[in-house]
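Worksheet for the structure shown next.
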Amino acid sequence: MNLIWVPLLPLLGCLVSLLLGRYPRSTMALGAAILPAIALGIVVSLAPEVMSGSNPVVTYDWVPALSLQISFMLDGLALMFTLLILGIGLLVILYARYYLSEADNAGRFYASLLLFMTAMLGVVLSANLIQLWFFWELTSVSSFMLISYWSHRSDARKGARMAMTITGAGGLALLAGLILIGEVVGSYDLRTVLASGSLIAEHSLYPVIVVLVLLGAFTKSAQFPFHSWLPQAMAAPTPVSSYLHSATMVKAGIFLMARFYPVLSDTHLWFALVSLVGLTTLLVGAYTALFKHDLKGLLAYSTISHLGLITLLLGLDTELASIAAMFHVINHAVFKASLFMAAGIIDHESGSRDMRKLNGLFRYMPYTATLAMVAASSMAGVPLLNGFLSKEMLFAESLHQETFGSLSWLIPLLVTVGGALAVAYSLRFVHDVFFNGEPIGLEKTPHEPPRYMRVPVEILVVLCLLVGVLPDLIVGDLLVAVGASLMPAGVPEFSISIWHGFNIPLLMSFLAVLGGVALYRQRRHMFNFQARFTEVDPKLAFEHMIQTLVERARSVQLWLDNGSFQRYALWLLLMAIAAMSVPMVNIPHARGSLEVTELDMVALGGALLMIVASVATAMLSHQRLLALVTISVVGLVVSVAFAWFSAPDLALTQLSVEVATIILFLLALYFLPQKVSLNHLSPGRIVRDMGIATAAGAIVGTLTYAMLTRPFDSISSFFTENAKTGGGGTNVVNVILVDFRGFDTFGEITVLAIASLGIYKLLAGVRLFVPAADMDGRPWSKDSHPLMLMQISQSLLPLALLVSAYIFLRGHNLPGGGFIAGLITAIALIQQYVANGVVWMRDRGDLKFQWFIVWGLFIAFASGVGSWLFERPFLTSWFDYFYLPLVGKFELASAMAFDLGVYLTVIGATLSILANLGKLTTTDRPTRPGRRS
Amino acid sequence: MHLPALPVLLPFFAAILILYPWFNKRLHLQRLVAQFGLLMLVAVSMLTLFKTLADGPMGYAMGDWEAPFGIYLLADPLAAFMLVVTSVLALCTHLFACGGEDKTGRFFHPLFMFQLMGLNGAFLTADAFNLFVFFEILLIASYSLLIHGGGRERTRAAQHYVLYNLIGSAFFLIALALLYRAFGTLNIPDMASRAPTLPEESVPLAQAGGLLLMVVFGVKAALLPLHFWLPRTYSTTSVPVAALFAVMTKVGVYSLWRIHSVVFGHDSGELSDLGVVPLAWLSGLTVLAGAIGALASQTLRWLIANLIVISVGTLLMTVAMGTTQSVAAGLYYTLHSTLMSGAFFLVAGLILMQRGQAEDRFVRSRPFLYPVFTGVLFAVTAMAMIGLPPFSGFLGKVFILQAAVDSGDAIWVWPLVLISGLAALIALSRAGTTLFWRTQGSVVPEAKEKVSNVHLVASGLLVATTLVLVIGGGPLTEWSLRAAQDLHAGVTLNYLNGGQP
């Protein structure tokens, strides 16, 4: 069977569970179990092959550019973990069938559980570093779903988030570490990495890699100081706890350390870091466990302590330490899973997990009590049980390590203390719960659980005994295979047996038991001492940390972004000033090599006028009407300047744009206060703004000077040379607009059209009050449409239209064109509006601006697409000369059609904008009584 | 033959068709025409992509004037990728809008199509001035769309947006003037070929123009400290518009690729690597600012807007790295972050509609009408945005991290990428648990009318694109590399005019 099915089957099982969402729980449990069971069968069938030393591999390409493959490999280490994940997973599925109540959504539970199983299998089977991380993060995500299963409970949500945040942070560190490994080795293939020998350890990045990878492992395996998430994850349903915290989630970190043990471990840094962290975790976890009143809390801290123990073993520099570590992984998984299940049964059948209430349960559930006591003894390290064997190995290995030189003797001592603490809390678990008087204030009378809820516990406890009595027979071969993964160079000879004769480890075991019993007897004193500490709930501490982070972020945010547009604009101006000034600072003179033309008085006069008008605009900007006058001076001077420098087209355009804009401004100003008080501005602000404005002006001025005094070698001569021959017109500006760069014009008329739509949208919902008087209280003239103006403008209209037609037609060869003609027509029509009013105009036929725009754009578009018929690109122009009697020779050009489109669009858009603004002034709008204040 | 022009002309034609007054009272037909146009646009974009990958870049001479005199459209794989991602995003967001958001104001459909015309034109043009024109179309259409639906906050934010961008446009013109004076041309391949041998005297002008242009693109892309307009604008506008705008910031980044990495690239003589150092600094700070903003968020849309700031910062970091691999990583990341930010806004829309008065604020509220569907979509997009497997974000993240090693920038890029991921994780897990699980009372009654099937389908479709990005990760990353190679190889004038590269 192909290895890929091992992670794939549980994933399919996840879908099955979702599909079976509405069936009875037994059906669902069965449905959830079948596919993982088959996967387990596959693994078992592959086991002999692995034990004989060959590692089945499957590989498919996924994202070659990132060296990401779908690649699975079953070696000894993976085999051991796969068996645990699938085996205990199946037992948990059975157990959960009885644990979950009718109200719980079992489909979602099983789906999450199987997703998590898939992720774990993926982690242990991965033969590609990126894929390993992929599944690693998937375990975080799916465990989030499991821990938050009872999502209506605040502690479940907080616990899940805490687990996710801490393991997620570790995951990011791990990703960094894995990519560094991949880049150092030059391959992301695990087999290549593991075969790279001391390459990584000798690389200069080695310390970074170790720290990053260990951060990933320590956060996942709840090592001190990242351990606080684990007890909070107890908010999950107990089947989840018994799965996550025995065989899977927390063991992923251990697995990671074991996985890279061959290439990362053989250094002092590794040994020091790993063993110290492991030892601290061992002691902190065991000590804290003693004081937990919650059954699951005690088990949670004991889990932390045992994870510390395994980590410590991986950090000991002796030959057999890593084998012992792996052995303890199995043993811990087996006894801890059964203990969690037992705790769940007690909770389920008695309604409480508080050891201050639970007493003397032996009378009510003797069978379960016996099972739990065997498992707890294993946890304590009582002989004939599996826990004893691996603990004994720890004692033995701790005696041989040399990492800390002359201080190394401390390790065995502290390990023994840890052993004593373990005995004490195990004793408390057994004695407090099952003996020690009668239950206090339980909601229901405890009783034995349903038959099949006990089966998983029974199986696990039997395993504790079997491994404890016949270790070599049951797990010997497996451990040899695991050893081959951890020590590719060769596994040292070892044998696990119950009896090694009287030796120091046995003495240490003896001392630990004695010490544990003594500690438990003295528990009153210890509880009293412990009560003097103020208890900190890690969940609240974590929440507080996050809250602080959020508040800090918020204050920084407010400081950065106060919502003021002026502030935003200031940044933009500063950036632009910096961008323009840096290159100018690097050259000594702005002036280039071009000869400067002689100063003529007209140009000078114009320039001065413009400067004065510009400065005046800036200074008068708070008096809007006046500022409008000065800025129109600027515009007019610009148009004169265009004419002066022989650019009549630009002059005409500028002039008509100027007129249209001023009318628009006036319409808008009608509704706005005409004076803005500057009193609210601080003097500092005014000085600052003046400074910025001056700097910007000075720099743009310098740049312009630099620009104009440098030689200019451009493509523009092409346009003058080809306007007549290629574009059929002598007015180069117009030919550029409608032909050479007709596409730009096409875009710009679109802009104009969109603008008119946008302004319509903006004003459609506006309800402005028509002011009855101006700012100073002077009422507006009653005679809003003077007769003289009406008469003159009405008679002017035909003339204006004629002029615009003329300007349009001659545009291709002489100054003019669609754009200017459109503006002239528009202004002529606007004049009618101004003179006669919106209502008067509407009565005389409503102009359909939208119609103008659509047809204008369409004609421009069609004239462009027309060239497709001749297999030419969009907007390719065509022209020819014709002869008609009376008219004489004339030219027809496709560009004229395009220009017609421009003409219509300009009329439609301009008029639509102005008319929409103008409509606001009609009597259809409400008039506010009294005057504006 | 006209393929490169179609992505611009097709939405234009659809827009003016819908704009015809006959359609004014026939909203259903407007929707139909627009959807049909968008489907065609997706097809055309895909076709363009596959054709450019198979046969190399395609040029299109507007008006049949040879480069550099006429305006050139250039469809290379990079541009084609942007076309595809934009059209897919547009299709889904437009469909979402057809659920009812298009009724809250006039001209939604034509403006939407004009917006696409502007975007596609900006991606396709090989002429800096024409880019300006399309930026104008972009700007004015986006402004009109931003105010769609009306409201005080929205109008205010949109006003900031348009004023800010108008200042930007003014600088754009100044920059173009400087560049034209320095290079004598605004055809980008022509500029690139002239850059290495630019006369000594013109160099400062080109530098000033190039740097100023970087500032202008920084405004569009939302580079710190030019990014302040973004969160307020995006979080106040209507949902489908916000979703479409996920691609807007990418235009700025794209333009940097298009112009700066070619004209001011590694081999541009005195102009080489212009502004790369400040860009690197500011992009890093942008990531941090986005992370801080994300953590400080009190509503989902504000949070998403800040996630966009993070993704922009990340993208600009890849621009600053400046290797072929980093461009490829950036391109793949662009595909992912554009689609996912857009999807996230649509999901936020679903959430808004179901929570009544609580809208998308992180407070206790009433339960959802469709808790599972909405929840799954939220979870998928959130994981994609954070960069958690199995969704597309993780591939983008890994790609960028690997590219940073190769370009020697890992020391500053890695911490920023990883820390911003963590900030997103913290912010989104808080957001999700509060929005979905801190509930009491009964379902909001109006939710039933507000959420239509169209909304569900549209958001579901857009969210599902992440699967395409992951499953098709192999070819997509290969093609991204191709696109980056083509960009760096540079298209020459000769090639544009039908000759050999």
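Below, each value reflects all heavy atoms present in this structure, side chains not excepted, and no hydrogens, waters or symmetry copies. A note on names: the letters A, B, ... follow the listed sequences, proteins ahead of strands, and every chain is numbered from 1.
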Q.
Below 4.5 Å, heavy-atom pairs only: which of B:H2, B:R106, B:Q325, B:Q298 has the largest tally toward chain A?
A. B:H2

Q) Counting heavy-atom pairs under 4.5 Å to chain B, which of A:G742, A:A119, A:G168, A:P711 comes out on top? A) A:P711

Q. Of the backbone (N, CA, C, O) and the side chain (C-beta and beyond), which part of B:R194 lies under 4.5 Å from a heavy atom of chain A, both, or neither?
A. side chain

Q. In chain order, what residues pass the side-chain hydrogen bond (donor to acceptor under 3.5 Å, both in side chains) check against A:E137, with sequence neighbours excluded?
A. none

Q) Picking from B:G70, B:G293, B:P390, B:G105, which has the most non-hydrogen pairs under 4.5 angstrom with chain A? A) B:P390

Q | B:H148 portion near chain A, given a 4.5 angstrom heavy-atom threshold | A | both

Q) Hey, what's the ring geometry for B:Y332 with B:F399, parallel, tilted or perpendicular (30° and 60° as the breaks)? A) tilted

Q.
If you count heavy-atom pairs within less than 4.5 Å of chain A, which of B:T125, B:I140, B:V372, B:L295 leads?
A. B:I140

Q: Among the options A:M145, A:M164, A:H152, pick out the one with the most heavy-atom pairs lying under 4.5 Å from chain B.
A: A:M164

(Q) Can you tell me which of B:L274, B:L145, B:V470 forms the most heavy-atom pairs within a distance under 4.5 Å of chain A? (A) B:V470

**Q.** Greatest number of heavy atom pairs closer than 4.5 Å to chain A - which of B:D406, B:V215, B:L401
**A.** B:V215

Q | Distance under 6.0 Å and angle within 45° of ring axis: A:R161 vs A:F144 | A | no

